[in-house]
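In this text, all values refer to a predicted model and were calculated from it rather than measured experimentally. Basis for what follows: all heavy atoms, side chains included, without hydrogens, waters or symmetry-related copies.
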Amino acid sequence: MTMEPTPDSAENKPESEHKQTPGEQEQSNLAAATDRAADAGPPDTEPETPAAPGEKPDAAASVEKPGADVPDTVSTSPDVLPQKRPSPKPPTAAEIAASIVDDGDDAALEQDVEAAMAGVTEADLAGAVTKMPTFDEPAKDSIVQGRIANIGSQDALVDFGAKSLGSMPLAEFGKDETYAVGDSIEVMILGEDPRSGLLSVSRRKARQAKVLDAMKVGLLVDGRVVGMNKGGLEVLVEGLRGFIPASQVDLRFVKDISSLIGENIRAEVTRFELDDDTPNIVLSRRKWLLREEAERKKKLFEELEVGQTRRGKVRSTADYGAFVDIGGVDGLLHIRDMSWGRVNKAEDVVKIGDEIDVMIIKVNHEHKKVSLSLKQTVANPWEKAAEKYTAGTRLQGRVVRLAPFGAFVELEPGVDGLLPISEMSWTRHVRNPSELVKEGDVVEVAVISFDDEKRRISLSLKALAEDPWTMAAAKFEIGSKIKGKVVRTTDFGAFVELGDGIDGLVHISEISNERIRSVTDKVKPGEEVEVRILSVDAEAKRVSLSMRQPAAEPTREELAKIETDRAAAEKKRKDRPTRGGISFGWDEGLGSLDPSKFAP
């Protein structure tokens, strides 16, 4: 593999070089001398090869090359052909590491060594050799700490000390990791590369091993969603595959969980099994979200105070109100606190997803409940109602509710007035307000009274027009005939509309000259009839009518006969003897009585 020059090469002195103290220099020289003694081995262990007969002793010179264990021997005899030199072996990792030294001044080094070795015996050297620490190559599948010695275009070189080097591709680094030359790093030993002689290491497997060692139920892990299947989402945690069931993806049901593919998420381990070195990891994002929500709620409840105004988002609606998320806590916005006016449905004021400003009106720390108000964020309209709705003011309003006793009319949001049945019509006897108005109607009314203390406003439709009964006596002369339409019938007669909202009653006895059993035998609602005015009572608001034909005018003879019969009856009454008492004539009056006649 291609390696870039390291900072420890012969051309560049190591950055860690510094001036040693005399004590440190003595220990360093002693260690160097010990290494040389160990490398030299026992004396005369390998006898020199004698020269051939007739040949001069070989004047070969041994040249020791840095990093080579076997010296190259070059023959200088003109009678003997030089032997073919074997191809040099590629340097090992230990040789590469050993070659990264600073040669320095040999003469000065020799002097320092002699000074350090003064007084050191062979026994001391032998003892020092036995005490020298031994360095073994890191074992396979072990996790070791190293130092990044070099970072190339494709690989990184890791130094483990003791002349051990490892190599790994740059892809082994995590996406969230940033390393530089000289940084410490933890890797797993995979083996030795026979081509380069370097150890093959893996940062990714080291991270996976640490995750597996720490893996347990309840642990929070970070991962990336890489796919989706029928049951949920597939997540990679440090290269280890985990699974999130669809029901554990979010706090609430998510219709399309594929929207999380490619996202980095955090989840809690709910199941962990290691079968044949293959981990089975089941995760729950919902449990982590519940943890976060609980933390947010706890923190938010410590900050909430009655009277605060907060921005929230409508999460859901119900018949009794809406739930608003005010930053991790869902508060109840009751329907009665949505508006100063009357609200029939929560959806008439807010909709799911709306962002609104609400005021906190109650906080229950024990049960973790919050009550909110929307109407408290705006001014109360009743504060200025007395100035706007004085008696006699005419205005328009919307009928919002009907009751047996009248109709409620909204004059503005939060301000309603009552329109009683008695104030709906001058002429009609209204039994139910629905006879004249219905919910949603826009009507013109007049204010007849305002009670600021009780916050009540009385309205009237009658006050908009003049009372027609004040002119009824002059308009409907007794004995005059008028045409009208039958508006309704009862058991005792029929009501006929005369105009200006005035209805008159035709009694059943006045419907026909003949005796009838039922009103509908002669008239039906909607028919136009001619009636005669019998009487007008403006105070009682009644008009009596008749449909009977009046009797014919009597002749003179008939009138004379009527007068004669009346006079005869009167005379007969006078001639009848009295049985006590006082007799006087009505035409004479009480003044004809003589008190003296009654004296004792």
Side-chain angles (χ1 to χ4, degrees), residues 1-12 14-16 67 89-100 135-215 221-227 234-243 261-266 274 276-281 283:
M1 74 187 267
T2 304
M3 297 178 54
E4 296 183 1
T6 63
D8 299 333
S9 62
E11 290 77 10
N12 299 309
E15 296 178 358
S16 60
K89 296 181 180 179
T92 64
E95 292 171 345
I96 295 175
S99 65
I100 307 176
F135 298 94
D136 298 328
E137 291 287 337
K140 184 180 179 181
D141 296 332
S142 62
I143 298 177
V144 296
Q145 190 84 15
R147 182 181 63 86
I148 297 179
N150 188 41
I151 298 178
S153 60
Q154 296 181 352
D155 304 297
L157 189 65
V158 183
D159 181 11
F160 301 108
K163 301 181 182 180
S164 294
L165 295 174
S167 175
M168 70 175 182
L170 298 181
E172 290 285 335
F173 290 117
K175 292 184 179 181
D176 57 339
E177 294 181 324
T178 302
Y179 284 99
V181 174
D183 291 347
S184 296
I185 188 172
E186 204 169 40
V187 295
M188 176 180 282
I189 306 299
L190 303 181
E192 183 177 354
D193 187 352
R195 295 176 298 176
S196 62
L198 300 175
L199 295 174
S200 180
V201 298
S202 173
R203 171 61 180 161
R204 178 176 58 84
K205 288 188 176 295
R207 290 174 56 144
Q208 289 180 1
K210 292 192 68 174
V211 169
L212 288 176
D213 289 342
M215 187 72 67
V221 295
D222 295 319
R224 184 177 181 84
V225 181
V226 295
E234 296 179 359
V235 183
L236 285 184
V237 181
E238 296 293 353
L240 302 173
R241 190 168 295 274
F243 174 71
I261 294 178
E263 298 289 334
N264 293 320
I265 64 170
R266 178 167 289 184
L274 195 60
D276 298 332
D277 296 332
T278 302
N280 180 19
I281 305 173
L283 308 172

Can you give me the closest heavy-atom contact between Ser153 and Leu170, atom names plus distance? O-CD1, 3.4 Å
Partner of Leu240 under side chain to side chain contact (heavy atoms under 4.5 Å, CB included), chosen from Val221, Val211, Val235: Val211
From CG (Leu199) to CZ (Phe160), nearest 0.5 Å: 6.0 Å
Among residues at least two apart in sequence or on other chains, which ones pass side-chain hydrogen bond (donor to acceptor under 3.5 Å, both in side chains) with Ser202? Glu172
When you look at CD of Gln145, are more than 12 heavy atoms from neighbouring residues, nucleotides or ligands closer to it than 6.0 Å? yes
Would you compute the distance between atom CD of Gln154 and atom OG of Ser167 and round it to the nearest 0.5 angstrom? 10.5 Å
For Asp222, which residues count as a side-chain hydrogen bond (donor to acceptor under 3.5 Å, both in side chains) partner, sequence neighbours excluded? Arg266
Non-hydrogen atoms of Pro279 and Leu212 that approach each other most closely: CB-CD2, 4.0 Å
From CG (Leu190) to NZ (Lys140), nearest 0.5 Å: 8.0 Å
Glu238 side, atom CD; Met215 side, atom CE - distance, nearest 0.5 Å: 9.5 Å
In terms of heavy-atom contacts, Ala149 and Asp159 come closest through CB-CB, 4.1 Å
Assess the residue pair Ile185 and Arg203 against the criterion (side chain to side chain contact (heavy atoms under 4.5 Å, CB included)); give the C-alpha distance rounded to whole Å, side-chain angles, the decisive distance to 0.1 Å, and a yes or no. CA-CA 8 Å; Ile185 188 172; Arg203 171 61 180 161; 4.1 Å; yes
List the steps, then state whether side chain to side chain contact (heavy atoms under 4.5 Å, CB included) holds for Val237 with Ile281. CA-CA 9 Å; Val237 181; Ile281 305 173; 5.6 Å; no
Which distance, rounded to the nearest 0.5 Å, do you find between the CG of Asp213 and the CD1 of Ile143? 6.5 Å
Measure across Asp155 and Pro169 and return the closest heavy-atom pair with its distance rounded to 0.1 Å. OD1-CA, 3.6 Å
Could you walk me through whether Lys210 and Glu186 pass the salt bridge (charged side-chain N to carboxylate O under 4.0 Å, His left out) check? CA-CA 10 Å; Lys210 292 192 68 174; Glu186 204 169 40; 3.4 Å; yes
Just do the side chain to side chain contact (heavy atoms under 4.5 Å, CB included) check on Phe173 and Arg204 with the steps written out, would you? CA-CA 7 Å; Phe173 290 117; Arg204 178 176 58 84; over 6 Å; no
Between CD1 on residue Ile151 and CG on residue Leu157, distance to nearest 0.5 Å: 10.0 Å
Would you check, one step at a time, whether the test side chain to side chain contact (heavy atoms under 4.5 Å, CB included) holds for Val226 with Arg241? CA-CA 9 Å; Val226 295; Arg241 190 168 295 274; 3.8 Å; yes
Between Arg224 and Glu263, is there a donor-acceptor pair closer than 3.5 Å when you use the side chain of the first and the backbone of the second? no
